[in-house]
Asker: 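Sharing a structure here in structure tokens format.
Lettering of chains follows the sequences in order, A, B, ..., and the numbering in each one begins at 1.
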2 protein chains.
Amino acid sequence: MPPPPLARDKVLDAFEHLLVEKGERAATMEAIAAQAGVSKGGLIYHFNSKDALVEGLDQRLRVRCEEDLELMKVAPEGQVGYFLRTSALADTPFDRTLVAATRLRSHAVAREGLVWVQRRWFDTLMEVVHDEDVARTVMLIGDGLYYNAASTALPDAGLGVGDIDGIVRLVEKLVGQSTAG
Amino acid sequence: MPPPPLARDKVLDAFEHLLVEKGERAATMEAIAAQAGVSKGGLIYHFNSKDALVEGLDQRLRVRCEEDLELMKVAPEGQVGYFLRTSALADTPFDRTLVAATRLRSHAVAREGLVWVQRRWFDTLMEVVHDEDVARTVMLIGDGLYYNAASTALPDAGLGVGDIDGIVRLVEKLVGQSTAG
DNA sequence: GTCTATACATCGATAGAC
DNA sequence: GTCTATCGATGTATAGAC
């Protein structure tokens, strides 16, 4: 049994941070090491290549996705409301990992991880919604919310909490009609 | 009057192509020159820095956006239908430029251009929908469609034409309720 | 106007001291 | 286990021939 990989986690946190705040091109090995507070050599000891770093992020993404789905299933506001609200503004560990993964467009591993997450979300939503069009629409709104939350580093351009409330209300009407009809 | 800038356009086409197909990190000056069929020196003659290239893309984005909005306003299927369908699968010049711009996350100029496009879309949709929640929801679905179309280089993971039809039908019901109620 | 050649910085990765 | 030093490849940008 290896000891708890605290340094590994610290490095992955730094990797995520740079990807989210500065984008893929800024997340160099050197910058990651500096952000994590270790040397380049120290980083390479834990992840001996950039690909290994991406794989570490992918594993973390899948683990945290499953954890989030468990929360979603027991959310008091319902699964659809939980899904939409966390898409927009939750700053959970899962969220940060997810947004970080969306920045790694050139890495096949990261793309596959994202497709896997979408599949897991879709299947879980279908357990409540029972209508593929509605489930797809909810998914798309979630994607849109993520896209906006992830891309808007500009002040004044994002959606406010009140905006989200209105959208959630609208979508829940849609879901209600589909399960009733 | 300078002669028509054919070479400039060819270089921007190459820049877009690489951004869309391979991502930001692959769109290097050398790769762009090769893709455009010119030398590195020839590229630099037209755009003397990478920032100049990004600015060229930003200008093209805004021009093509306005052209697209004119088409949207006279679309036979209605503005909402046009908006959603072109978000999903249109391979128009505007589309390629837009997706390319979404890849340039580290450049402030590109981010501002995208925010500007969103604002123009929102204002135009509001001319038809007259309800901010509905307009925002339509925008989000459009963002989601773009996000999916842009990110899925994987086979079998994207949305089909039939899926889009179902979603458009659902959204138009939503829009109809809002304008009726 | 477009090219070749090349300068200079920075990238990912290796070797080996401590 | 973490560091410094450094390599080869690749990035942006410049100088100057044609």
Asker: For A:Glu30 and for A:Ile44, find the nucleotide of DNA chain C with the closest heavy atom, then tell me which residue's nucleotide is more 5'.
Answerer: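 Mapping each residue to its closest nucleotide by heavy atoms, the 5'-most match is A:Glu30.
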
Asker: Check the phosphate of D:dG1 against A:Tyr45, side-chain N and O only, distance under 4.0 Å to OP1 or OP2. Yes or no?
Answerer: yes

Asker: Could you give the CE-to-P distance, from B:Met29 to C:dC8, as a whole number of Å?
Answerer: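 It works out to 19 Å between those atoms.
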
Asker: Please find the pair of heavy atoms, one from A:Gly56 and one from A:Arg8, that lie closest to each other, and give the distance.
Answerer: CA-NH2, 4.4 Å

Asker: Nearest whole Å is fine: how far is C:dG12 C1' from A:His107 NE2?
Answerer: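 Rounded to whole Å, this separation is 11 Å.
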
Asker: B:Lys40 has an atom NZ; how far is it from atom P of D:dT12, in whole Å?
Answerer: 8 Å

Asker: Rounded to the nearest Å, what distance is computed from the CG atom of residue A:Asn48 to the C1' atom of nucleotide C:dA15?
Answerer: 15 Å

Asker: Output the rounded distance in Å from CD (A:Glu24) to P (C:dT10).
Answerer: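 Between P of C:dT10 and CD of A:Glu24: 19 Å.
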
Asker: I want to confirm an ordering. Mapping A:Asp51 and B:Gly41 to their closest nucleotides on DNA chain C, which one lands closer to the 5' end?
Answerer: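 This one resolves to B:Gly41.
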
Asker: Any carboxylate oxygen within less than 4.0 angstrom of a Lys/Arg side-chain nitrogen, looking at B:Glu67 and B:Lys73?
Answerer: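 Salt bridge between B:Glu67 and B:Lys73, a charged N being under 4.0 Å from a carboxylate O: no.
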
Asker: Quick one: do the A:Thr97 and A:Arg64 side chains pair a donor with an acceptor below 3.5 Å?
Answerer: yes

Asker: Check the distance between D:dG1's P and A:Leu6's CG and give it to me in whole angstrom.
Answerer: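 Atom CG in A:Leu6 sits about 13 Å away from atom P in D:dG1.
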
Asker: Of A:Leu43 and A:Arg25, whose nearest nucleotide on DNA chain D comes first from the 5' end?
Answerer: A:Leu43

Asker: Counting only side-chain heavy atoms from C-beta out, which of C:dC3, D:dT12, C:dG12 sits nearest to B:Ser39?
Answerer: C:dC3

Asker: Given atom NZ of A:Lys50 and atom C1' of D:dT10, what is their separation to the nearest angstrom?
Answerer: 14 Å

Asker: Figure out the NZ/C1' separation between A:Lys10 and D:dT2, and round it to whole Å.
Answerer: 11 Å

Asker: Should A:Arg119 and A:Asp123 count as an ion pair when the cut-off is N to O under 4.0 Å?
Answerer: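 Here A:Arg119 pairs with A:Asp123 in a salt bridge, since their nearest N and O are under 4.0 Å apart.
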
